[in-house]
Protein chains: 2
Amino acid sequence: MSLRYALLGFLGLDSMTGYEIKKNLDQSTQLFWHAGLNQIYPTLKKLETEGLVTAEAESQDGKPDKRTYTITPAGSEVLHAWLAEPLSFLPPSKNAGLLKIFFSGSLENAAVLRQLETQLELRRKQLRRYEGETRQVIEETVAATGLTREGTMWELVRELGEAHERAYVEWLERAIEKVRQLP
Amino acid sequence: MSLRYALLGFLGLDSMTGYEIKKNLDQSTQLFWHAGLNQIYPTLKKLETEGLVTAEAESQDGKPDKRTYTITPAGSEVLHAWLAEPLSFLPPSKNAGLLKIFFSGSLENAAVLRQLETQLELRRKQLRRYEGETRQVIEETVAATGLTREGTMWELVRELGEAHERAYVEWLERAIEKVRQLP
DNA sequence: TGTTTATATATCACTTATGATATATCGCAA
DNA sequence: TTGCGATATATCATAAGTGATATATAAACA
């Protein structure tokens, strides 16, 4: 149940609505955490009943009330305790793309190559995104908010994303070569 | 809902029980797919009612019946259709370790370093596992079963795992250096 | 002798996550 | 002028996943 910490993490940077958290989530952490609005709104309410965040409703004409959430001192404490707690084990992850490749032994070469080439294209696109858009968003956010220390961490994580995508791309290129030479 | 395909994938290699699938899962795909027995057993039953696998119960003294599952032609077809279908988008993944680092801007250096060093240790252990144990298991399985084409795919996926862990290790080492120099 | 681990399946409660749909307005483009 | 995307929140049903517990035996271990 780390979504609560992701939400607290964003609210630790600035007060905002669930809708804005979702936008930030999509723009920055989508590589390592994601959630839909239907999960974010109820979780925020839960955090509110636990006293970790407070909400200020601002009624708008026509539109539903805008609920701006703010982290409380108790929320900050919970967040920091979680952040400081060292990871005790590597949480297992899921990757349907690798699952497909792993079991592709019984497919004919052409089908495997189609699969590998599609994944290569997707990975190249993602690599370019990390090198460009993601990098820019971080730079601009740091410039706009002055959060340089936070920016260092964001940039670190971005660099890993880039390194991983690069590893994917190089690996897929080699894999395609290898499969081409298969009988 | 890819667990069904993971199960079909294993049954495509050989008939086996849910318990044996779990062992194989833990030994090979745990990096990119995992599941508990409480998820595997009901899913196998579901696949059975759909006619994608058949079960042969073998009563044992004392122990519960051993249900050995076998993939059907219909099951093979479903599996191959899924394997051949190119990934249409990169499925989002979750990584609590990166989430912690991403939001660590408000922590003091010492706490961040503890976090990074713990994760570095875990990643080094995993890297050694890919280089040693995982590699061996693949070699031995290929030698025992003669599944050389499948073995090529398993080895490919293992190589990516190794490359990714190596990227993690190098990145964490650099990250520790960078955080040490932070004011 | 008692405890843990392995074999083998199963159920139950609960949490987490996804997809669909609803409401309501504004601006923009086809 | 019709429809789509953005803003903003919410509910509902279902699916997927986790943790705990139960049964039953044998072997390994301390």
Side-chain angles (χ1 to χ4, degrees), chain A residues 1-8 10-11 15-27 29-30 32-50 53 55-69 88-96 99, chain B residues 1-8 10-11 15-27 29-30 32-50 53-69 88-89 91-96 99:
Chain A
M1 233 292 253
S2 304
L3 177 59
R4 46 190 303 114
Y5 301 112
L7 301 182
L8 289 173
F10 281 114
L11 294 176
S15 295
M16 57 184 105
T17 68
Y19 193 84
E20 286 170 320
I21 289 179
K22 170 65 172 160
K23 278 196 298 183
N24 281 305
L25 209 70
D26 288 345
Q27 215 167 35
T29 67
Q30 97 292 349
F32 53 89
W33 213 272
H34 64 99
L37 285 168
N38 47 6
Q39 216 190 338
I40 292 171
Y41 288 130
T43 306
L44 283 170
K45 290 227 158 153
K46 213 173 160 192
L47 291 173
E48 196 188 355
T49 65
E50 292 171 30
V53 304
E56 207 187 343
E58 185 192 336
S59 62
Q60 303 184 117
D61 38 315
K63 296 178 204 172
D65 283 8
K66 190 188 219 172
R67 295 173 60 81
T68 301
Y69 287 92
S88 53
F89 62 96
L90 293 185
S93 60
K94 296 189 171 179
N95 187 324
L99 195 60
Chain B
M1 234 290 259
S2 305
L3 176 58
R4 46 191 303 114
Y5 302 111
L7 301 182
L8 289 174
F10 281 114
L11 293 176
S15 295
M16 56 184 107
T17 67
Y19 193 84
E20 286 170 319
I21 291 179
K22 170 64 172 162
K23 278 196 297 183
N24 281 305
L25 208 71
D26 288 346
Q27 215 167 36
T29 67
Q30 97 292 346
F32 52 90
W33 212 272
H34 64 99
L37 286 168
N38 48 4
Q39 217 190 337
I40 293 171
Y41 288 131
T43 306
L44 282 170
K45 290 227 159 154
K46 212 173 161 192
L47 291 174
E48 196 188 355
T49 65
E50 292 171 31
V53 304
T54 56
E56 206 188 343
E58 183 192 336
S59 62
Q60 304 185 115
D61 38 315
K63 296 176 203 173
D65 282 9
K66 189 189 221 171
R67 295 172 60 81
T68 301
Y69 287 91
S88 54
F89 62 95
S93 60
K94 295 188 172 179
N95 186 326
L99 195 60

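We name chains A, B, ... by the order of the sequence lines, and we start the count at 1 in each one.
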Figure out the CD/P separation between E56(B) and dA8(C), and round it to whole Å. 15 Å
Mind checking side-chain contact (heavy atoms from CB on, under 4.5 Å) for N24(B) and listing every partner two or more places apart, or none if nothing turns up? F10(B), M16(B)
Consider the side chain of K94(A), meaning its heavy atoms from C-beta on, and name the nucleotide among dA10(D), dG17(D), dA8(C) that approaches it most closely. dG17(D)
Those residues that, when tested against E56(B), pass side-chain hydrogen bond (donor to acceptor under 3.5 Å, both in side chains) (two or more places apart): none
Taking side-chain contact (heavy atoms from CB on, under 4.5 Å) as the test, write out the residues that go with Y41(B), two or more places apart. Y19(B), L37(B)
For DNA chain C, determine which residues of residues 17-27 of chain A have any heavy atom closer than 4.0 angstrom to one of its atoms, and list them numerically. none
Please list, chain by chain and in numerical order, all residues satisfying side-chain hydrogen bond (donor to acceptor under 3.5 Å, both in side chains) with K22(A), sequence neighbours excluded. D26(A)
R67(B): side-chain hydrogen bond (donor to acceptor under 3.5 Å, both in side chains) partners, not counting sequence neighbours: E48(B), Y69(B)
Sequence neighbours excluded, which residues qualify as side-chain contact (heavy atoms from CB on, under 4.5 Å) partners of Q30(B)? Q126(B), R129(B)
Does any residue of residues 33-41 of chain A have a heavy atom under 4.0 Å from DNA chain D, and if so, which ones, in number order? L37(A), N38(A), Y41(A)
Measure from the side-chain heavy atoms of R67(B) and tell me the nearest of dA10(C), dT9(D), dG17(D). dA10(C)
Would you indicate, yes or no, if dA10(C) has its OP1 or OP2 atom less than 4.0 angstrom from a side-chain nitrogen or oxygen of K45(B)? yes
Does Q27(A) have any side-chain contact (heavy atoms from CB on, under 4.5 Å) partners at least two apart in sequence or in another chain, and if so, which? V137(A)
